[in-house]
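Notes for the one structure printed next.
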Amino acid sequence: MHAPAFEVAIRGVGAFDDGRRARLLYAAIEPSPALSDLEARVGAALARVPGVELETRRFVPHVTLARLKDPDRNRLGAFLEGNGTLGTPPWTADCFALYSSATGNEQPVYTLEERFELGL
């Protein structure tokens, strides 16, 4: 996998839900053409690997802040509203990693499968 290094920044917060309640709180990564290109390249490469199941959900670049079991809607709403302008200065993404996840236990288990340098 070859791709150039690119700038990344956090812009805002959000929550993923399961249709009934929020399950994950995240810091949003600012969209960029370079990040979208990398996601497309990784998806195309993985689609050629037998036995790999690709996500069907829309790609939402993010940093997980917390997993939520039964959040108080008012507190969560206040957090999202109060931190909606969260941001960081940009930094250079010079590598990325692919992880697999195994669910079913109390906590998911994430395994580093491969790390790739960017910009080489």
Side-chain angles (χ1 to χ4, degrees):
M1 177 65 54
H2 300 284
F6 57 92
E7 295 291 303
V8 178
I10 290 176
R11 295 285 180 261
V13 295
F16 294 126
D17 64 53
D18 65 4
R20 294 179 309 217
R21 65 179 75 92
R23 291 293 183 200
L24 188 131
L25 182 64
Y26 66 87
I29 300 296
E30 187 170 48
S32 72
L35 182 56
S36 295
D37 180 62
L38 179 61
E39 187 266 340
R41 288 176 186 226
V42 169
L46 289 174
R48 295 188 301 266
V49 178
V52 171
E53 291 182 38
L54 298 178
E55 286 280 347
T56 56
R57 296 177 289 191
R58 178 177 62 92
F59 177 62
V60 179
H62 68 279
V63 175
T64 299
L65 300 175
R67 294 192 179 279
L68 309 170
K69 289 189 179 184
D70 191 18
D72 177 286
R73 294 175 73 96
N74 292 328
R75 285 184 64 199
L76 178 60
F79 178 87
L80 293 172
E81 185 175 317
N83 293 282
T85 60
L86 176 71
T88 65
W91 70 91
T92 300
D94 57 7
C95 67
F96 73 97
L98 296 179
Y99 286 83
S100 61
S101 63
T103 57
N105 297 331
E106 188 139 326
Q107 296 292 325
V109 175
Y110 299 100
T111 304
L112 174 63
E113 298 294 343
E114 190 74 41
R115 178 185 156 97
F116 298 88
E117 299 296 323
L118 296 173
L120 298 177

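Just so it is clear, the model here is predicted, and its values are computed rather than measured. Hydrogens, waters and symmetry mates play no part in the numbers below; they use all other heavy atoms, side chains included.
When atom types are taken as modelled, the side chain of R115 and the backbone of L98 share no donor-acceptor pair closer than 3.5 angstrom. For N74 (side chain) and G77 (main-chain N/O), no donor-acceptor pair under 3.5 Å exists by modelled atom type.
Closest non-hydrogen pair, A5 versus D94, comes out as CB-CA, 4.2 Å. Smallest separation of non-hydrogen atoms from A93 and V8: CB-CG2, 3.5 Å. Summarising the geometry of I10 relative to A27, their closest heavy-atom pair is CG2-CB, 3.8 Å, with the distance given to 0.1 Å. When all heavy atoms of A15 and Y26 are compared, the closest pair comes out as N-CE2, 3.3 Å. The shortest heavy-atom contact between N83 and V13 is O-CG2, 3.6 Å. In terms of heavy-atom proximity, E7 sits nearest to P90 at OE1-CB, 3.4 Å.
Linking ILVMFWY residues whenever their side-chain heavy atoms come closer than 4.5 Å, directly or via other members, places L35 and L46 in the same cluster. When hydrophobic clusters are built by joining Ile, Leu, Val, Met, Phe, Trp and Tyr residues whose side-chain heavy atoms come closer than 4.5 Å, directly or via intermediates, F116 is not grouped with L112. Linking ILVMFWY residues whenever their side-chain heavy atoms come closer than 4.5 Å, directly or via other members, leaves V63 and L24 in distinct clusters. The hydrophobic cluster containing F96 also contains F6, counting ILVMFWY residues as joined when their side-chain heavy atoms lie under 4.5 angstrom apart, directly or transitively.
Counting only residues at least two apart or in different chains, side-chain hydrogen bond (donor to acceptor under 3.5 Å, both in side chains) contacts with residues 45-61 comprise E55-R57.
L86 CG to R11 CZ: the interatomic distance, rounded to the nearest 0.5 Å, is 9.0 Å. Note that the NE2 atom of H2 and the CG atom of L38 stand 12.5 Å from one another [nearest 0.5 Å]. Rounding to the nearest 0.5 Å gives a distance of 5.0 Å between CG of L25 and CG of L65. D70 contributes atom CG, which lies 10.0 Å from atom CZ of R20 (distance to the nearest 0.5 angstrom). Remark: Y99 OH to E114 CD distance equals 11.5 Å, nearest 0.5 Å. The distance from the OG1 atom of T88 to the CD1 atom of I29 is 7.0 Å, given to the nearest 0.5 Å.
A perpendicular orientation is assigned to the rings of F16 and H62, their planes being inclined by more than 60° (bins at 30° and 60°).
Heavy-atom contacts from other residues, nucleotides or ligands closer than 6.0 Å to CD of E81 number 12 or fewer.
Between D72 and F79 there is no side-chain heavy-atom pair separated by less than 4.5 Å.
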